[in-house]
Amino acid sequence: MAKQYWLLKSEPDAFSIDDLIKAKQQTSFWDGVRNYQARNYLKAMKVGDLAFFYHSSCPIPAIVGIIEVVQEPIPDPSAFDPKSPYYDPKSTPATPRWFMPKVKYKKKFSSPITLESLKNNPRLSPASFALLKRGNRLSVMPVTSQEWQAILAMID
DNA sequence: GCCAACGTTGGC
DNA sequence: GCCAACGTTGGC
């Protein structure tokens, strides 16, 4: 299977790319995803896949860097913890419902690729790129290699 | 199994 | 803070 590309959203107030840079070994489990479609994408991730790190719900929504999948998804223990905001009583250790891959920091762009500039890129179509779809709420989405290259080409 | 109400996401 | 989008819940 060829390497695949993804986009992972995070609210920088909760977990930013700088938090990942500061993390031990610059790696972190990508936990807390509680949406089935996003979960299914997570489970499709393979070691070596690359993903854009996207900051959402912040003053300037933007792709801020690149991360790499370094461990395939394992059950997300935050779903088992009644004190966690991500607690889901329907997910148990015996029948886990939610999963998390481990990701590693790869690169931070010197200037972020803003959502505005992504919208203005004629090589990216809202029809194919979920991030640009109106009302999009998906926090994990696939990126085609064409889109990946088109976005990388926006770095000056 | 339908669907209205409700809650959450996320850009603006 | 507003509001559109849309996923989830729960009554029937």
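Every value quoted in this text rests on a predicted model; they were computed, and no experiment measured them. Note on naming: letters A, B, ... go to the chains in the order of the sequence lines (proteins, then strands), and numbering restarts at 1 for each one.
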Separation of [N] [atom2] from [X] [atom1] (nearest whole Å):
| X | N | atom1 | atom2 | result |
| --- | --- | --- | --- | --- |
| A:N136 | B:dT9 | CG | C1' | 9 Å |
| A:R134 | C:dC6 | CZ | P | 9 Å |
| A:I60 | B:dG11 | CD1 | P | 12 Å |
| A:Y36 | C:dC6 | OH | C1' | 16 Å |
| A:Q37 | C:dA5 | CD | P | 18 Å |
| A:D88 | B:dG7 | CG | C1' | 15 Å |
| A:M141 | B:dG10 | CE | P | 8 Å |
| A:L138 | C:dA5 | CG | C1' | 13 Å |

- With a 4.0 Å cut-off on heavy atoms, is A:K133 in touch with a base, just the backbone sugar-phosphate, or nothing at all? nothing
- Message: I'd like to know if A:L152 and A:L124 are part of one continuous hydrophobic network [Ile/Leu/Val/Met/Phe/Trp/Tyr, side-chain heavy atoms within less than 4.5 Å].
- Response: yes
- Message: So, does A:R137 get its side chain near the phosphate of B:dG10, meaning an N or O under 4.0 Å from OP1 or OP2?
- Response: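 No, because none of the side-chain N or O atoms of A:R137 sits under 4.0 Å from OP1 or OP2 of B:dG10.
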- Message: Using OP1 and OP2 only, check whether a side-chain N or O of A:Y54 sits under 4.0 Å from B:dG11.
- Response: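 The answer is yes; a side-chain N or O of A:Y54 sits under 4.0 Å from OP1 or OP2.
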- Item | Donor-acceptor contact below 3.5 Å, side chain A:Q26 vs main chain A:I21 | yes
- Message: Can you identify which nucleotide, out of C:dT9, C:dG7, B:dG11, has its nearest atom closest to the A:K90 side chain?
- Response: C:dT9
- Query: Please walk me through it: do A:D18 and A:S16 pass side-chain hydrogen bond (donor to acceptor under 3.5 Å, both in side chains)?
  - Reply: CA-CA 5 Å; A:D18 292 318; A:S16 71; 4.6 Å; no
- Item | Short side-chain donor-acceptor distance under 3.5 Å, A:S78 and A:R34 |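 A:R34 vs A:S78: donor-acceptor pair found between side chains.
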